[in-house]
Amino acid sequence: MARSKNTVFTDTMIRKLKPETSDYTRSEGNGFSIRVMPSGSKTWLYLYSFDGKRRKMNLGTYPEVTLETARERFEDARRKVKNGIDPVAELEQAADSRRQALTVKGLIEEYLERYAKRFKKSWEEDERILEKEVVPVWGKRKAEDIRKRDVLELLEKIVIRPAPVMANNTFKIIRKMFNWSVEQDILPTSPAFMVKLPTPKVGRDRVLSAEEIKKLWHALDDAAISPESRTALKLVLLTGQRPGEVTGMHTSEIDGDWWTIPAERAKNQKSHRVFLTATAKGLIQQATERVKQTRETPADKDYAGYIFPCPHADKDKPLERHALSRALCRNFAWPMTDKQGNPLYNKDGKPATENRLVIDHFTPHDLRRTTATFMAQSGEMD
């Protein structure tokens with residue numbers, strides 16, 4: 001092996017270094033070196049001592065890393081050594097920190113366990129949306145690598161699906177998750193900072209007209225909505241109660257013509273009674289019979305439990321209130337197909353959709369507002 005000599009590197013000199021039968025090193029001095037392998041590959045090195053130990057720092061491969069860049073890296077590393085910092089140890093620590101950095105999936109788990117499950121009644125909806133909309137796209141990426149552009153692209157894809165309400169809901173959840181991660185010193189900044197709602201909010205003072213109520217009542221029977229969600233939506237309109245209170249209805253709360261909502265389920269934390277009309281009782285009876293059939297309860301036995309149970313029979317939980325919103329959103333933009341079942345597209349190339357609910361957009365809570373408005377107009381709430 002040729003003996004290493006100190007010299008001043010030039011690009012021409014480095015380019016002319018030829019491979020030999022074994023690797024060899026040329027040095028410019030102060031540890032700035034280049035190693036030539038029998039294969040012909042050339043690697044910039046910084047050779048130095050730290051705490052009495054010989055150290056070797058890889059500065060990059062020539063010609064991808066130019067002489068000028070390699071020299072800059074060498075000078076930077078040499079300054080660190082003079083100031084008592086081991087640049088190789090620093091790189092190893094950075095690499096280790098990088099390996100241990102949270103992925104987005106890991107961040108989601110932290111957020112759900114440490115925040116959402118402790119402080120949000122709707123944590124299950126957070127989990128569902130994050131698992132459905134975020135994990136498949138970002139799950140394996142490092143959370144610290146997510147940028148504003150990533151957030152915008154994620155939301156845009158949801159909007160053009162089209163699922164504008166889901167885009168808004170997804171944004172609200174990831175914005176909260178990233179803000180929480182900044183508060184907890186997990187991330188230095190939030191990529192959702194200065195990002196606006198992807199679609200304008202639907203007005204919160206929507207009240208359906210009498211004609212719209214009539215159309216909707218019949219349209220619900222033909223819409224692509226589960227019997228449980230369909231009945232729950234009708235009961236929100238008939239009782240004027242909150243969607244979450246209706247989906248959480250339990251047989252123990254029904255007594256003849258009255259439905260008593262316990263304090264722990266009421267938003268104002270106060271128990272209150274709701275009169276049930278014949279139509280409302282009929283819907284509740286139908287829903288109860290469906291559950292008995294689904295759960296295979298003997299016909300001669302009374303059913304005791306949630307009137308709108310979670311679809312998963314192994315979970316003793318009610319249908320989540322967001323199921324009603326999701327059911328409506330699907331039917332406001334139902335994909336259109338031809339006779340063969342192939343998707344149809346508009347002139348702009350976007351999937352063609354139809355409104356299977358026949359009236360303009362509304363939310364489950366708008367049904368409650370509508371009932372309250374009609375009751376007030378008739379003098380029932382004076």
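The structure presented is a predicted model; accordingly, all values stated were derived computationally and were not measured. The figures that follow rest on heavy atoms only: side chains count, while hydrogens, waters and symmetry mates do not.
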Lys/Arg-Asp/Glu bridge criterion (N-O < 4.0 Å) met for Arg369, Asp366: yes
Validation row, ring centre Phe332 to ring centre Phe362 under 6.0 Å: yes
Glu113 with Lys117: basic N within carboxylate O range, under 4.0 Å: yes
salt_bridge(Glu90, Lys80) N-O dist < 4.0 Å: yes
Heavy atoms of other groups near Gln269 CD, more than 12 under 6.0 Å: yes
Value rounded to 0.5 Å, distance of CD1 in Ile158 from NZ in Lys132: 7.5 Å
Flag side-chain contact, heavy atom, 4.5 Å: Thr103 against Ile108: no
Residues Arg206 and Glu212 bridged, charged N to O under 4.0 Å: yes
Donor on one side chain, acceptor on other, Asn168 and Thr199, under 3.5 Å: yes
Lys/Arg cation over aromatic Trp138: Lys105, 6.0 Å, 45° cone: no
Ring-ring centroid check Phe32 Trp44, cutoff 6.0 Å: yes
Pair Glu133 + Lys157, salt bridge at N-O below 4.0 Å: no
Ionic contact status for Asp86 with Lys53, cut-off 4.0 Å: no
Derivation and outcome, side-chain contact (heavy atoms from CB on, under 4.5 Å), residues Val246 and Arg242: CA-CA 6 Å; Val246 172; Arg242 294 181 175 86; over 6 Å; no
Ring-ring centroid check Phe308 Tyr306, cutoff 6.0 Å: no
Residues Arg356 and Asp222 bridged, charged N to O under 4.0 Å: no
Value rounded to 0.5 Å, distance of CG in Leu208 from CD1 in Ile359: 4.0 Å
Distance-only side-chain donor-acceptor flag, Glu289 / Gln293, under 3.5 Å: no
Pair Glu125 + Arg128: basic N to acidic O under 4.0 Å: yes
